[in-house]
Amino acid sequence: MSKIFNIDGACDPELHYMVDISGRLQEIKAMVDSGKYFTINRARQYGKTTTLAALSELLKDDYQVFSLDFQTISYGDFESEQNFVAAFSREVLDCSENISDEVRSELELFSTGKVREATLSVLFKSLIKLCRKSEKKIVLIIDEVDTATSNQVFVDFLAQLRAYYLKRRKTPTFHSVILAGVYDVRNIKRKLRPEEERKTNSPWNIAARFRVDMGFSAEDIAGMLKEYEDEHQTGMNIEDMSGLIYDYTSGYPYLVSWLCKSLDEDIAGSEGFPDNSSAWTKDGFLAAVKLLLNDQNPLFESLIGKLNDFPELNHVISRLLFQGQSIAYNPDDPAVQMAQMFGFIKVENSTVLIANRIFETRLYNNFLLKFKEQNSSIFAESSRQKNQFFINGYLNVKRILEKFVECFDELYGDKGETFLEEDGRRYFMLFLKPIINGIGNCYVEAETRNRERMDLVIDYLGEQYIIEMKIWRGNAYNERGEEQLSAYLDYFHLNKGYMLSFNFNKKKQIGVKNIVLGDKLIVEAVV
């Protein structure tokens with residue numbers, strides 16, 4: 001049976017095309033060998049479960065591994081010690097056959113939930129006995145630990161683990177403990193759900209730092225694609241395709257797998273892409289990106305849900321997207337901490353950036369939807385006139401700029417400098433959205449994002465268009481902007497680019513003109 005790309009649950013190398021994670025597994029094993037207690041905290045669908053499954057398989061020759069999943073424990077099991085002890089005992093019994101008869105008998109008794117004396121303290125006496133009698137050192141792995149982090153019983157459970165960890169030289173206990181989830185249980189003082197009161201610090205301050213990079217590099221992706229190519233002989237350029245996938249996903253495992261699966265199963269054989277060879281191209285890839293951005297999947301639902309649940313998160317993402325603010329990374333900023341924990345952002349050179357191009361585009365679409373509800377006039381105007389913005393199926397970007405200048409001046413021409421600086425770019429993206437919606441997408445190039453300049457890249461039917469959106473700071477600055485755009489066009493191998501300038505000068509002359517710089521044509525619009 002041929003392998004497939006998998007986006008549902010843990011990956012199996014016998015069944016699925018996978019990135020080679022053996023190197024990072026060895027890094028994690030080294031922590032286990034050293035007897036570390038640690039947490040693996042990554043955003044939703046970041047490959048935690050796949051990694052833990054592979055890790056358990058790697059460790060089983062040297063250790064007895066208890067691999068638990070707290071998703072299988074119901075909420076009511078955390079309401080009392082007795083309930084938790086019963087549920088935990090059942091999980092341990094289910095995941096291991098190598099338990100002494102004495103300990104098995106005790107755990108089976110606890111698992112009934114009918115032993116009133118079955119407190120955490122009593123449970124740990126049995127677990128310590130289990131560790132003492134085991135022929136191999138025991139590694140405890142708990143996945144989806146988020147299920148429990150808002151419950152006092154679980155905090156008490158961590159306290160017990162910590163107490164025995166601190167006296168492990170005298171008392172046999174788990175050799176290593178790994179807790180995996182989105183939330184970092186080392187510090188659960190933050191509200192984990194909006195309606196809850198703030199919790200106190202977790203006792204899990206014994207945890208070692210986990211620094212293993214679980215994202216995929218372009219080289220990782222290329223290795224997976226090579227395995228696929230060896231079987232299917234598509235003729236794809238593996239280096240170019242892996243680079244494209246990485247550029248759009250920044251190696252987010254779920255997004256990488258989703259795009260590859262879509263290219264293999266959705267794009268190949270669809271209109272315009274009759275076979276695998278035509279699908280695994282740049283045009284095919286952009287078609288897969290469009291499908292992904294329109295998909296309703298648990299990852300996107302979680303992403304948008306967090307914006308609705310946490311206003312401070314909503315605010316920091318909006319600043320990054322539309323105002324071009326450079327946000328320095330501060331680990332003590334709760335909004336930045338939250339954005340990083342949920343996977344919205346990444347940190348490069350001590351600066352906060354949106355995690356990847358796919359997230360950025362999806363977030364833009366979500367924010368613009370809300371913005372449209374409050375500012376429907378310009379959206380309605382571009383929707384009404386959208387048929388005039390195409391020539392032989394291709395975008396007429398110059399015409400788009402001309403009509404935007406006209407509409408913007410009519411609707412908002414009397415607004416002040418603050419309005420232009422904070423909302424001008426948002427209005428242009430709102431104007432653009434109904435024109436390219438359903439066929440094309442756009443994103444802002446991260447390297448050019450600042451308060452004065454943002455380069456908008458439009459992907460439409462395999463063509464790319466670059467529009468520099470900038471705040472007017474005088475002629476000298478404008479000329480530098482034109483030179484920057486020219487250099488950026490070289491990067492995209494384009495000879496034509498566009499510039500949209502928001503000018504605060506009351507004597508400005510609004511309109512659209514052509515500027516020739518060497519072999520480049522720049523169409524500049526001024527509002």
Side-chain angles (χ1 to χ4, degrees), residues 248 286-296 300 303-304 307-308 314 317-324 354 356-391 393-412 415 419-420 422-446 448-449 454-470 497-502 512 523 525 527:
Y248 276 74
L286 292 176
V289 167
K290 185 177 74 172
L291 289 181
L292 174 55
L293 289 170
N294 290 324
D295 185 51
Q296 288 293 340
F300 289 161
L303 203 69
I304 302 305
L307 287 177
N308 295 330
N314 196 307
I317 298 301
S318 179
R319 285 167 57 200
L320 280 170
L321 289 176
F322 294 106
Q323 295 180 27
I354 299 296
N356 57 69
R357 195 174 291 171
I358 296 295
F359 279 8
E360 178 166 310
T361 306
R362 185 74 180 221
L363 290 167
Y364 270 124
N365 291 342
N366 179 67
F367 275 92
L368 288 173
L369 181 64
K370 296 175 182 177
F371 192 61
K372 183 190 76 171
E373 294 172 358
Q374 302 168 353
N375 304 274
S376 59
S377 298
I378 199 162
F379 182 90
E381 192 64 22
S382 66
S383 298
R384 185 178 64 83
Q385 302 186 44
K386 65 179 295 183
N387 290 335
Q388 66 179 285
F389 300 130
F390 305 93
I391 299 178
Y394 292 96
L395 281 182
N396 184 345
V397 179
K398 182 176 182 179
R399 184 61 179 156
I400 292 173
L401 291 174
E402 288 172 343
K403 293 306 296 183
F404 174 73
V405 170
E406 179 183 314
C407 292
F408 190 87
D409 185 60
E410 180 179 340
L411 294 171
Y412 313 110
K415 298 289 186 179
F419 171 84
L420 285 176
E422 294 187 358
D423 286 328
R425 290 175 284 208
R426 191 183 322 216
Y427 276 101
F428 177 68
M429 296 180 73
L430 185 61
F431 183 84
L432 180 65
K433 185 167 178 56
I435 300 171
I436 65 172
N437 195 34
I439 298 177
N441 291 296
C442 63
Y443 61 89
V444 172
E445 181 56 46
T448 68
R449 182 194 307 280
M454 288 165 61
D455 286 335
L456 186 70
V457 183
I458 301 173
D459 289 327
Y460 192 89
L461 292 179
E463 298 292 322
Q464 290 186 308
Y465 308 86
I466 314 299
I467 304 176
E468 179 180 318
M469 299 182 293
K470 57 186 290 296
Y498 305 87
M499 181 179 290
L500 175 59
S501 298
F502 295 92
V512 179
V523 179
V527 294

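Side-chain contact between N314 and F367: present, with at least one pair of heavy atoms (C-beta onward) separated by less than 4.5 Å. For the pair T361 and Y248, the minimum side-chain heavy-atom distance is 4.5 Å or more. C407 is listed as a side-chain neighbour of Q385, based on a closest heavy-atom distance under 4.5 Å. A heavy-atom distance below 4.5 Å is found between the side chains of I435 and L395. Two residues are said to be in side-chain contact when any heavy atoms from C-beta on lie closer than 4.5 Å; L363 and L303 meet this criterion. The shortest side-chain heavy-atom distance between I436 and F389 does not fall under the 4.5 Å cut-off. Under the 4.5 Å side-chain criterion, counting only non-hydrogen atoms from C-beta, M429 is in contact with L368. Side-chain contact between Y427 and F379 is absent, with no heavy atoms from C-beta onward closer than 4.5 Å.
Atom CD of E410 sits in a sparse spot, with 12 or fewer heavy atoms from other residues, nucleotides or ligands closer than 6.0 Å.
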Apply side-chain contact (heavy atoms from CB on, under 4.5 Å) to the pair Y394 and Y465, showing each step before the final yes or no. CA-CA 11 Å; Y394 292 96; Y465 308 86; 3.9 Å; yes

Determine, stepwise, if the pair L500 / K470 fulfils side-chain contact (heavy atoms from CB on, under 4.5 Å). CA-CA 6 Å; L500 175 59; K470 57 186 290 296; over 6 Å; no

Start with the C-alpha gap between V457 and V444, add the side-chain angles, then the distance that decides, and say whether side-chain contact (heavy atoms from CB on, under 4.5 Å) holds. CA-CA 6 Å; V457 183; V444 172; over 6 Å; no

Between Y498 and E468, is a side-chain contact (heavy atoms from CB on, under 4.5 Å) present by the stated rule, with each step listed? CA-CA 6 Å; Y498 305 87; E468 179 180 318; over 6 Å; no

Show me, pair by pair, the donor-acceptor contacts under 3.5 angstrom made by side chains of residues 286-296, not counting sequence neighbours?
| from | atom 1 | to | atom 2 | distance (Å) |
| --- | --- | --- | --- | --- |
| K290 | NZ | G438 | O | 3.4 |
| N294 | ND2 | K290 | O | 3.2 |
| D295 | OD2 | W258 | NE1 | 3.3 |
| D295 | OD2 | N297 | ND2 | 2.9 |

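The two residues L461 and G393 make their nearest non-hydrogen contact at CD1-O, 3.3 Å. Shortest non-hydrogen contact noted between L321 and Y364 is O-OH, 2.7 Å.
Once rounded to the nearest 0.5 Å, the distance linking CG of N366 with CD1 of I317 reads 11.0 Å. Distance CG/L401 to OG/S501: 10.0 Å, rounded to 0.5 Å. Atoms CG and CG, from D459 and N441 in turn, are 7.0 Å apart once rounded to the nearest 0.5 Å. One distance of note links NZ of K403 with CZ of R384; it measures 7.5 Å at 0.5 Å rounding. In this structure, S318 OG and R426 CZ are separated by 4.5 Å, a value rounded to the nearest 0.5 Å. In this structure, the separation between CG on L411 and CD on E406 is 10.0 Å, given to the nearest 0.5 Å.
Tested against I467 for a side-chain contact (heavy atoms from CB on, under 4.5 Å), the candidates I400, D455, I458 yield a single pass: I458.
Using a 30° and 60° split on the angle between ring planes, F408 and F502 fall in the perpendicular class, above 60°. F428 and F431 have parallel rings, their planes meeting at less than 30° on a 0 to 90° scale where 60° marks the start of perpendicular.
Relative to the six-membered ring of Y443, R357 meets both conditions, a distance below 6.0 Å and an angle of at most 45° to the axis.
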